[in-house]
Amino acid sequence: MGLISGIFFGVIFGVVLMAGWSRMMRHRTSKRVSKAVDMKLLGSLSRDDLKKICGDNFPEWISFPAFEQVKWLNKLLSKMWPYVAEAATMVIRESVEPLLEEYRPAAITSLKFSKLTLGNVAPKIEGIRVQSLKEGQITMDIDLRWGGNPNIILGVTALVASIPIQLKDLQVFTVVRVIFQLAEEIPCISAVVVALLAEPEPRIDYTLKAVGGSLTAIPGLSDMIDDTVNSIVKDMLQWPHRIVVPIGGIPVDTSELELKPQGKLTVTVARASNLKNKELIGKSDPYAVIFIRPVFKYKTNTIENNLNPVWDQTFELIAEDKETQFLTVEVYDKDVGQDERLGLVKLPLSGLESEATRDIELNLLASLDTLKVKDKKDRGSITLKVHYHEFNKEEQLEALEEEKRILEERKKLKEAGVIGSTMDAVGMVGSGIGAGVGLVGTGLNSGVGMVGSGLGAVGSGLSKAGKFMGRTITGHSSKRSNGSSSSTPVNSVQDNGGAKPLKQQE
Amino acid sequence: MGFFSTILGFCGFGVGISLGLVIGYLLFIYVQPSDVKDPEIRPLAEQDPNAMQRMLPEIPLWVKNPDFDRVDWLNRFIEYMWPFLDKAICKTAKNIAKPIIEEQIPKYKIDSVEFETLTLGSLPPTFQGMKVYITEEKELIMEPCIKWAANPNVTVAVRAYGLKATVQVVDLQVFAEPRITLKPLVPSFPCFANIFVSLMEKPHVDFGLKLGGADLMSIPGLYRFVQELIKDQVANMYLWPKTLVVPILDPAKAHRRPIGILHVKVVRAIGLRKKDLLGASDPYVKIKLSDDKVPSKKTTVKHKNLNPEWGEEFKFSVRDPQTQVLEFNVYDWEQVGKHDKMGMNVLPLKDLTPEEPKTFKLDLCKTLTPSQEGEAAQTEKSRGQLEVELLYKPFSEDEMPKGFGETQTVQKAPEGTPASGGLLVVIVHEAQDVEGKHHTNPYVRIFFRGEEKRTKQVKKNRDPRWGEEFTFMLEEPPVRDKMHVEVLSTSTRIGLLHPKESLGYVEIQMADVVSNKRINDKFHLIDSKNGKIQLELEWRTAP
């Protein structure tokens, strides 16, 4: 009897004990899980959430901008800046100097830093935004502002003289996009892509000042430097152009991230109508220049004495990023000396359908900057026939090779001194006059190039004389759209640095 | 009889308990699934008031305290990265554990130990605020508040004697407030030499440990005991002021301090080419070490001599013998006008063996560019030869100039200081918001015991940075003295009305410096609106 009741109570006691334990387990698990949930929720609060939690005692110092403020990062940065500046100086010297050499205009024989210190004002990070636009990638946009006081002196050697030029009052406003490619190995990031966002457009302002001399010693120099800076920024850094940095340790295929030819745009420049007459005697002699990237410019024949020219010439252009790139069409009046621009227009590629031919008539504008356009006068229109073809893999490779070959060739020509700069527009094969015009910068070597730039400088000098006193000339490098009033399109001044897009993977 | 039945009853109770435990285990615990489910997370807007109440103590610090910054962007970054990070960490952990397990298994007669599941779960750590402190020292201090309430599932299966036992870790929660100090700051990337990590408070650790499905941590009392144990262990190791040091850079190297001395003897030149129209050239040699801020050194000019003998010696301090290059330029001295270049050549320091004198005979070339060099050799006449003797002596370990970290502890005064006296070191770091009425080209003058020292002038800058060091050798501690530090500005143009003006001054009691050994602080300037000056004063006594 005792045994049975003992067993009975024992079993009950055991079962109850276990039941209690399991209850305890469940209780603790649910407690931990609910805490984890709370943590998760509180980890990313929005304004409404916070309002609900805090009720009337909403803390006034909290706001939720799209770009999150990072005061602590700025504090760290300004404390660290003297050290960062010193470390960066060396890196900049090493990496930017070859770039300057690559992109330098024809009339300048050497462009080097003779002094470079970054000053004692640290850049400010206005905000950071993190998003994941694509699986396995993190996109981080950093709103960067730097109104620094760096001391940068460029040693510029032109044909005759060598003068140090100081870059003063540098101001950089830009949004840097950093894309992290994720990987399943420590350190989890296989490659980093850096670019400046095109929208809002990066702004780099500075003042040029000749040290112990006058900027006018070399005509057109400030324009040349502006354009060099401009094309480095536009053709190297500005989205969709980018710098891909593979992070060591993980062998990874970064070709996905790099900018590649994506499609071919076949453009037939059919005709223009009602162009403006810019000449005193007779009518304008118009020709058109089309390009997607300023490195690859194409030019039509010049049709003399005609305000309704018909060209009917076909060009093939390569598009790298259909979503963000534009086709730019400029119409010029061929003139003795500086060619005058009759108008330009930009066509966003994003609107084009693949494998469909479209006739498009576009009204020419005086300038792309809508703030600057004063007159509403009709500048005529241009008719294009556009066909977009998306590349498949093989065609893509082929186009890449072709691009490489063209740039190599130009580089060789540059070395041989035939063309002053890698960015001279090369007329289409067969468009004889186009090539002829190109010859201003081509066949005649730098001596004539100087004449061209000299003339350019007269024009730019006149337009700028009113604005700038003494020897100080301000450059709004990126704000100036390609070929604003002061530069000629294809020859001399505007033809600055040769771009080498394929060398971007540094 | 009663006694017997009691005995039997107890025995029965014993048997019954074990039976009951087994039944209970099978009934309540064994049937429970051992996998970890992702917790269901509903948006905050749908939470009921009770849940809100529960959440209140966990409100992030950035909501409560204005001095904490929100780091949602970092949280989002980690969140996106977490799946990858999770896999990477687990893979690494497995790879590290494998050899250790294989080594240990034979000792304990265990058949195998393996991870059945290993994942850190879907919930990433979150930063609930970030605070930074700025001090006058060369360091950065940040305090993130890290909360990681995870849902990991780590199951280790142990097989021995044909039986299998599983140990499972679930619901790991770690809340910690570490202080991360980056110091010292150095002028080469990534700009700091060491990371110091320490915990400001004991961390909160909670987890479930399941042995065959039963959570040991829910045995009353055990959890608290284990938690305290872990807290104390961690606290013993890393609770402030104890730190974990992660070295990143060697500070000596980061500073690019000299690591050796190069002795250069310019012996002679042979067969230089004539450059002057009348008579022979007047050659001299300029020597420069690349990446060196020191101006190049020159030999004397040997007049009217195409085979000059110099025999002059020079010393250079070497920072990096692997990359630095010595450059020789032979010039023709002219009384009037530009000195003509007669030829040049370079010598990479990596060609030298330390402590071994070596003689080089360098052919002089026109320029350095290799392409033109080739042509030059063919087309041009020889420009002559330069004979030099080089000796590279690296510093021995104890000769090395003291590294950077030592500034923390006060350095000793050099030998030869009087026993009761010492060395007073003043470092003028920077000033802020100094402003002159007419011009702001500030420099600092220090008056101390009749001695006057001054820094360089910084042009047109309201926040100048000097970083200059001055020393005063003293016979006895300057207990009663004051130091007068004045910021002045002089006009850059001559002959104006306002040649010089004071931007403010400050007087410092030396007694404070002597008693503290070292003071590094910002002082408000007198006679200045908002001006401040950062001075570091140090009193070094004889050892």
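Chain A is the first sequence line, chain B the second, and so forth, proteins listed ahead of strands; every chain is numbered from 1.
Residue Lys52(A) touches chain B through both its backbone and its side chain, counting heavy-atom pairs closer than 4.5 Å. Proximity to chain A is absent for every atom of Gln53(B), based on heavy atoms less than 4.5 angstrom apart. Residue contact with chain B, scored on non-hydrogen atoms closer than 4.5 Å, involves the side chain of Ile62(A) exclusively. Neither the backbone nor the side chain of Asn95(B) comes within less than 4.5 Å of any heavy atom in chain A. Heavy atoms of Pro83(B) lying under 4.5 Å from chain A are absent altogether. Phe13(A) touches chain B through its side chain: at least one heavy atom from C-beta onward sits under 4.5 Å away, while N, CA, C and O do not. Proximity to chain A is limited to the side chain of Leu56(B), based on heavy atoms less than 4.5 angstrom apart. No part of Ser46(A) comes within reach of chain B, as not one of its non-hydrogen atoms sits under 4.5 angstrom from that chain. Residue Ile12(A) does not touch chain B at all, counting heavy-atom pairs closer than 4.5 Å. Residue Phe127(B) does not touch chain A at all, counting heavy-atom pairs closer than 4.5 Å. Interface remark: Thr139(A) contributes no atoms to any contact with chain B (heavy atom separation under 4.5 Å). For Asn149(A), the part lying under 4.5 angstrom from a heavy atom of chain B is the side chain only. Only the side chain of Ile134(B) comes within contact range of chain A, with heavy atoms under 4.5 Å apart. Using a 4.5 Å cut-off between heavy atoms, Lys64(B) touches chain A through its backbone atoms (N, CA, C, O) alone. For a residue to count as touching a neighbouring chain, one of its non-hydrogen atoms must lie under 4.5 Å from one of that chain's; by this rule Arg129(A) does not touch chain B. Proximity to chain B (any heavy atom under 4.5 Å) is shown, for Ser78(A), by neither the backbone nor the side chain. Both the backbone and the side chain of Ala88(A) come within contact range of chain B, judged by heavy atoms closer than 4.5 Å. Only the side chain of Trp61(A) has a heavy atom closer than 4.5 Å to any heavy atom of chain B. For Val70(A), the part sitting under 4.5 Å from any heavy atom of chain B is the side chain, from C-beta outward, and nothing else. Proximity to chain B is limited to the side chain of Leu41(A), based on heavy atoms less than 4.5 angstrom apart. Heavy atoms closer than 4.5 Å to chain B are found in both the backbone and the side chain of Asp49(A). Of the atoms belonging to Ile59(B), heavy atoms from both backbone and side chain fall under 4.5 Å from chain A.
Contacts between residues 113-127 of chain A and chain B, defined by a heavy-atom separation under 4.5 Å, are made by Asn120(A).
Contact of the Lys35(A) side chain with the Phe175(B) side chain is registered, since non-hydrogen atoms from C-beta on lie closer than 4.5 Å. Using a 4.5 Å heavy-atom threshold, the side chains of Val186(B) and Tyr83(A) count as separate. Between Asn151(B) and Val33(A) there is no side-chain heavy-atom pair separated by less than 4.5 Å. Counting heavy atoms from C-beta outward, Gln137(A) and Tyr80(B) have side chains that stay 4.5 Å or more apart. When side chains are defined from C-beta on, Arg32(A) does not count as touching Phe207(B), because their heavy atoms never get closer than 4.5 Å. Using a 4.5 Å heavy-atom threshold, the side chains of Met39(A) and Trp148(B) count as separate. Side-chain atoms of Asp38(A) and Arg54(B), non-hydrogen and from C-beta on, do get closer than 4.5 Å to each other. Under the 4.5 Å side-chain criterion, counting only non-hydrogen atoms from C-beta, Ile138(A) is not in contact with Phe84(B).
Ring geometry for Phe77(B) against Phe180(A) counts as perpendicular: the plane angle is over 60°, on a 0 to 90° scale with 30° as the lower cut.
Distance CD/Gln131(A) to CZ/Arg76(B): 8.5 Å, rounded to 0.5 Å. Between atom NZ of residue Lys79(A) and atom OH of residue Tyr133(B) there is a gap of 15.5 Å, rounded to the nearest 0.5 Å.
Heavy atoms of other residues, nucleotides or ligands lying less than 6.0 angstrom from CZ of Arg93(A) number more than 12. Annotation for Phe67(A): atom CZ counts as buried by contact number, over 12 foreign heavy atoms lying within 6.0 Å. Other residues, nucleotides and ligands contribute over 12 non-hydrogen atoms within 6.0 Å of the CZ atom of Phe189(B).
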Exercise. Could you go through the salt bridge (Lys or Arg N to Asp or Glu O under 4.0 Å) check for Glu185(A) and Lys91(B) one step at a time?
Key: CA-CA 8 Å; Glu185(A) 301 250 355; Lys91(B) 210 189 264 174; 3.7 Å; yes
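Scanning all heavy atoms of the two residues, the minimum distance from Ala36(A) to Gln173(B) falls at N-NE2, 3.8 Å. Between Trp21(A) and Ser218(B) the shortest heavy-atom distance is NE1-OG, 3.1 Å. Counting all heavy atoms, side chain and backbone alike, Leu42(A) lies closest to Glu58(B) at CD1-O, 3.3 Å. Heavy atoms only, all atoms of each residue included: Leu85(B) and Cys188(A) are closest at CD1-SG, 3.1 Å. Shown here for Val63(B) and Leu45(A), the closest heavy-atom pair between the two residues is CG2-CD1, 4.3 Å. Summarising the geometry of Glu68(A) relative to Arg70(B), their closest heavy-atom pair is OE2-O, 2.8 Å, with the distance given to 0.1 Å.
Counting heavy-atom pairs closer than 4.5 Å to chain A, the top-ranked of the candidates Val15(B), Asn461(B), Leu140(B) is Leu140(B).
Residues Arg28(A) and Asp215(B) are not paired through a salt bridge, judged by the lack of any N-O separation under 4.0 Å between the basic side chain and the carboxylate.
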